[in-house]
Amino acid sequence: QVQLVESGGGLVQAGDSLRLSCAASELTFGRYSMAWFRQAPGKEREFVAAIGWIGTSARYADSVRGRFAISRDNADNTLYLQMNTLRPADTAEYYCAASTSVVIVTTAAGYDYWGQGTQVTVSS
């Protein structure tokens, strides 16, 4: 059974940094595009960042471009999200997701597997 397990969330202050990790198991990690989504209370799940199979292509939401960086280690089956200059508006549950699509997808419907999420809270 495919498992995606996020970690690295926490409570930080505005301007701080966090690095999220997503450990994948029971899937051929290098054959999946990977992404981070987030969902704040009372809001819909939104796209944050995605990365292609081999990690040479990535896409970002406008709200995080220049502050967040997505990366992957296919040898270790792990996805990362480096989040810098965090803002209170970044507060949300962060989810990693896997897609068999050969092109990067930015909609949640395009992803086949999801993790359980890790909470990021940014205080002002």
Side-chain angles (χ1 to χ4, degrees):
Q1 183 176 351
V2 172
Q3 280 196 318
L4 301 174
V5 180
E6 301 94 337
S7 62
L11 172 62
V12 297
Q13 293 187 331
D16 286 350
S17 298
L18 275 177
R19 189 193 197 200
L20 305 184
S21 299
C22 172
S25 60
E26 303 302 326
L27 81 168
T28 307
F29 187 70
R31 292 293 185 93
Y32 284 79
S33 298
M34 300 295 296
W36 291 95
F37 286 77
R38 66 186 182 187
Q39 187 167 17
K43 295 188 177 181
E44 292 187 356
R45 190 168 296 191
E46 66 172 355
F47 170 76
V48 175
I51 190 167
W53 287 13
I54 60 173
T56 56
S57 58
R59 292 186 66 180
Y60 295 91
D62 290 343
S63 59
V64 307
R65 187 176 292 111
R67 299 188 298 123
F68 291 11
I70 189 171
S71 61
R72 64 190 297 164
D73 184 344
N74 285 355
D76 201 29
N77 289 3
T78 304
L79 176 73
Y80 300 99
L81 185 67
Q82 178 67 42
M83 304 187 295
N84 300 324
T85 320
L86 282 161
R87 305 167 178 168
D90 295 318
T91 295
E93 189 84 6
Y94 282 71
Y95 300 89
C96 72
S99 170
T100 57
S101 173
V102 296
V103 296
I104 291 177
V105 180
T106 61
T107 57
Y111 286 81
D112 304 287
Y113 301 103
W114 292 84
Q116 294 300 306
T118 184
Q119 177 67 37
V120 172
T121 303
V122 184
S123 64
S124 57

*Run the salt bridge (charged side-chain N to carboxylate O under 4.0 Å, His left out) check on Asp62 and Arg65 step by step: do they pass?*
CA-CA 5 Å; Asp62 290 343; Arg65 187 176 292 111; 2.6 Å; yes
*Starting from the C-alpha separation in whole Å, work towards a yes-or-no answer on side-chain contact (heavy atoms from CB on, under 4.5 Å) for Glu46 and Phe37.*
CA-CA 5 Å; Glu46 66 172 355; Phe37 286 77; 5.9 Å; no
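Residue Tyr111 comes nearest to Ala50 through the heavy atom pair OH-CB, 3.7 Å, listed as atom of the first residue, atom of the second, then distance. Closest heavy-atom contact between Pro88 and Ser124: CG-CB, 3.8 Å.
Distance check: Arg67 CZ to Ser17 OG gives 10.0 Å after rounding to the nearest 0.5 Å. The distance from the CH2 atom of Trp114 to the SG atom of Cys96 is 9.0 Å, given to the nearest 0.5 Å. Rounding to the nearest 0.5 Å places CZ of Arg19 at 10.0 Å from OG of Ser7. To the nearest 0.5 Å, the span separating CG on Asp90 from CG on Asn84 amounts to 10.5 Å. The CD atom of Glu93 lies 9.0 Å from the CD atom of Gln116; values are rounded to the nearest 0.5 Å.
For Asp73 and Thr78, the side-chain atoms include no donor-acceptor pair closer than 3.5 Å.
Side chain of Asn77 to backbone of Glu26: no donor-acceptor contact under 3.5 angstrom is found. Side chain of Gln119 to main chain of Gly9: no donor-acceptor pair is present (N/O by atom type, distance under 3.5 Å, no hydrogens or angles). Although no hydrogens or angles enter the test, the distance criterion places no donor-acceptor pair under 3.5 Å between the side chain of Thr118 and the main chain of Glu6. Checking side-chain atoms of Ser33 against main-chain N and O of Ser101 turns up a donor-acceptor pair under 3.5 Å.
Geometrically, Arg72 does not engage Tyr80 in a cation-pi contact, judged by NZ or CZ lying under 6.0 Å from the ring centre and within 45° of the ring axis. Taking the centre and axis of the six-membered ring of Tyr95, the NZ or CZ atom of Arg45 falls inside the cone set by 45° and 6.0 Å.
Here the side chains of Arg38 and Thr91 are not in contact, with every heavy-atom distance at 4.5 Å or above.
By the criterion of side-chain heavy atoms lying less than 4.5 angstrom apart, applied directly or through intervening Ile, Leu, Val, Met, Phe, Trp or Tyr residues, Val102 is not grouped with Val105; the two fall into different hydrophobic clusters.
Listed by chain and residue number, nothing satisfies the side-chain hydrogen bond (donor to acceptor under 3.5 Å, both in side chains) test with Ser25 (two or more places apart in sequence, or in another chain).
Clustering of Ile, Leu, Val, Met, Phe, Trp and Tyr by side-chain heavy atoms under 4.5 Å joins Val64 with Val2, Leu4, Val12, Leu18, Leu20, Leu27, Phe29, Tyr32, Met34, Trp36, Val48, Ile51, Tyr60, Phe68, Ile70, Leu79, Leu81, Met83, Leu86, Tyr94, Tyr113, Val120, Val122.
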